[in-house]
Each structure stands twice: as C-alpha cells, then as structure tokens.
Amino acid sequence: MAQIHIGHVSSGNIASPVDVVSSNPSHAFGPLTFRPDGSFQLAIFEDLHFGENAWDQWGPQQDVNSVKVINKILDKESPNLVVLNGDLITGENGFLENSTVYVDRIVQPLINRHLTWASTYGNHDYDFNISGTTILEREKTWQNCRSSSMVASPDAGVSNYYLPVYDDGCVDEATCLPQLILWFFDSRGGFRYQEKDTSDERFGQPNWVDTSVVRWFQETTNSLTRRYSQTIPSLGFVHIPPYASYALQKAGVDPNREPGINDDLPLAPQAEGWCPDGRNDGTCTYGGQDTDFMYAVSHTEGMMALFSGHDHGDTWCYKWDRLLPGMDVTPANNISLCFGQHTGYGGYGNWERGSRQVKVTKEGLANLELNTWIRLESGAVVGSVSLNNTYGQDLYPKTENSMSHCPTCEY
C-alpha cells in the first residue's frame, strides 16, 4: 500500500517527493500509534555491549545480567516502542561466524512481551567481524523489528531511517496523518567490515553522521512538511553525541537544572580524534565534521530532542538554546540534547544500569513538550523532568550517583 516516506536512496543521491514509498511496509504489528489516552512512550536501552570476552567466565555473565536489566525495566515500564540506541554488541570481541547471534538474546525479552524495537548502531557495532549491515540482517529475522536503512550512500552507515507515529486507531498509514516522527541516525565509528590497511591493521571508520545522511534528513523533512502541509513534531536518536553536547557540558551542567550523572568529563563527541582535513593519525582532537548534522537538527522546526549514548557516565538533558564558545552553529529550535542510562553490564563503568524513558502526549506536542525519566535496575526513578519552555530554569532533585554491583564482572 502507498504509505509515506522518502525511501531507499540510490548511492550518493537524495530522494525527491516522487520517491514516496512505504516507511515500514506491511509490518506484522501494524503502524506505530498513540494510545487511546493520547500518550506514546519509548524505552531506550543503550550500550548493551553483548558478547564481550565470551571466552572468559565474566563475559557471558555480563550478558546474563544485561538481560535481567531489560526484564526488570520492562516489568516496571510499558513502552509502545523500544529503542536500542547503539553499541548493541562489543564487535571487537566477535567472530565472523557468530558475531550477530547476540541480537537474539538482546531482543528475546521484547519478543516475549510482544514489543517492537528500532535500533541505531554505534562504534562498537562496527568492526572487522561485524557491521551494521550484518546486525540489521539478524534483526530482520524477527518480525518485531522496525529497524531499517534508507540511505544507500557508501559512507552513510546503515541505521538511517524514520518511523511515523499515528493517532490511535490508524490502520492504513496511507490515510493517516503522522502525529510524531522518530528519526534514527548512524554515527558510525569503529572499523570497516573485513577491511585492513596496508599495514594489516583494521581500517578506521569516521565517527559522525555523514553529510549524505544530513541531506537526506533535510530533504525528507521538507517533503513530509509539503505532503501534510504542516510541521510534524519529531525526536531523534543517535549513538555518539554531537559536539554541542561537549560544549554544553563545558559550559557547566547544573545538577538541579539538568539533573543526571556527569562523570564522563569531558565526554567524547562525534568527530573526536579526527582532523579537519580527514586525517585520523592521533594529531587532532576534533575535526568538526558533525557541524552539518548539528545545524540540521538544531534548525529543523518541531525537532524537540536528540537522544545519545556512548558516554556511559553521563545521563543529563540540556537545552541547546544559544551559541556556545568554540562553535559556529546557533540553534534555532532550542532542541534538548539528552543522554540515556548505560543499560548493559558490558562496557566500561559500574554506574547503576537503567533505561531512559520518554513519554509524549498529543496535548504536550501542541507545545513541543515531553516528559522523560530514568528507570534504574533497582526499580527507582531518577532524573524525571519536563522538557518544556522553562527547562533549564526549573529546579529538580539532584540525581544520586548510584552504582551497580557485580562480583563476577570486569569493570
């Protein structure tokens, strides 16, 4: 059936309005919709890092613990969609023959609850024996998967796509008006699949959202606006945070105005370690290649928030509402830049595991507002805030820096 999105784009090209095709054709679970009460909730699981040191006792135990985290969160929360926001797998520890089988273990708790999910891929999802392409192939063996790939440029990465969310009762997307758009971006990084350089070393991959993806995002946004003759509110998801998050952190995170852990100081943004001329030889700290992406998300009308992972020790949200020192992008939409909570027992750090929850309502969307909080493995809720016009001025309780305890794990 003829549903709307700007679909798979030929290499290096940008889709035009005539390329309108299905965003998630004939999905077994139907289109994403708001609940009858007018709400829509997402649970974000990030930095799961399955498959770490599978040959040691502590590696598999971490995966067991990570599954327990997912189950504990879902016992307390009831999301309409789960977002797997990058670093699903510790790819450098994977073998070519079975590097993606960990996907099955990650999604089993979701399948058991008849939940659907959508993924972005992170730097650890790209390595010599694993890639976003191979992970997506594995994900798609499950009918609950909504992950996709809409930009076929060779440098785009894989997890670049969008999902519309419709009003309650929508059955045929062709006749429904989206109430919300969810954008997913691939920040790449890591290493190229099955490639080595002349020194027989793994071939590094750029760690920012590619310009081909930015152009696709802008063209698609414009096409959707023309199609529906209105701006549709939206949220974005990307694994590695943009440099603006680094600049905001440097400006100072107030524990009562931007509650959350702020232990990864400084955080690691997109284009870190690269030079402006494209070299990656250890001589530069930041290359600026994510500037186009930052401009695009901060100048898209209706874009409310961008959610990242990557920095396991940061869990705050910050409203980007001004030109920041060291930057030349002045935001136009006051977008909030948020981190989630390190979910997996794999990966560095022993901050308490958990999951950021995001809840939007049709009433709140009228003012481009949403609510978000973090559900911890213990069951506690921390960092509950309203991302509204006064966020950054309102005062909230400080988030306590609680830790996970796992005697059999390696931190």
Query - Step-by-step ring pair (Phe, Tyr, Trp, His ring centres under 6.0 Å) determination, W274 to Y286 - result: CA-CA 5 Å; W274 289 75; Y286 170 68; over 10 Å; no

Check this for me, if you would: do [X] and [Y] make a salt bridge, where the nitrogen-to-carboxylate-oxygen distance has to be below 4.0 angstrom?
X: K362; Y: D167; answer: yes
X: E377; Y: R353; answer: no
X: D75; Y: R113; answer: yes
X: R138; Y: D104; answer: yes
X: D186; Y: R188; answer: no

Query - For W117, ring pair (Phe, Tyr, Trp, His ring centres under 6.0 Å) partners two or more places apart - result: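 So W117 forms no ring pair (Phe, Tyr, Trp, His ring centres under 6.0 Å) with any residue.
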
Query - Sequence-distant partners of F191, ring pair (Phe, Tyr, Trp, His ring centres under 6.0 Å), two or more places apart - result: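 Testing F191 for ring pair (Phe, Tyr, Trp, His ring centres under 6.0 Å), a comparison that skips the adjacent residues, returns none.
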
Pair [X] + [Y]: ring centers closer than 6.0 Å:
X: Y193; Y: F128; value: no
X: Y162; Y: F184; value: no
X: W183; Y: F217; value: yes

Query raised in the report: Do you know which of E92, H49, H310, E52 makes side chain to side chain donor-acceptor pair (under 3.5 Å) with H124?
Result: E92

Query raised in the report: With a 3.5 Å cut-off and no angle check, do the side chains of Q270 and Y243 form a donor-acceptor pair?
Result: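 Distance-only check fails for Q270 and Y243.
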
Non-hydrogen side-chain atoms of [X] and [Y] separated by less than 4.5 Å:
X: M150; Y: W216; result: yes
X: C284; Y: D277; result: no
X: N93; Y: W55; result: yes
X: V358; Y: I44; result: yes
X: I335; Y: V297; result: yes
X: L365; Y: L180; result: yes

Report task. Measure across F40 and L81 and return the closest heavy-atom pair with its distance rounded to 0.1 Å. Result -> CZ-CB, 4.0 Å

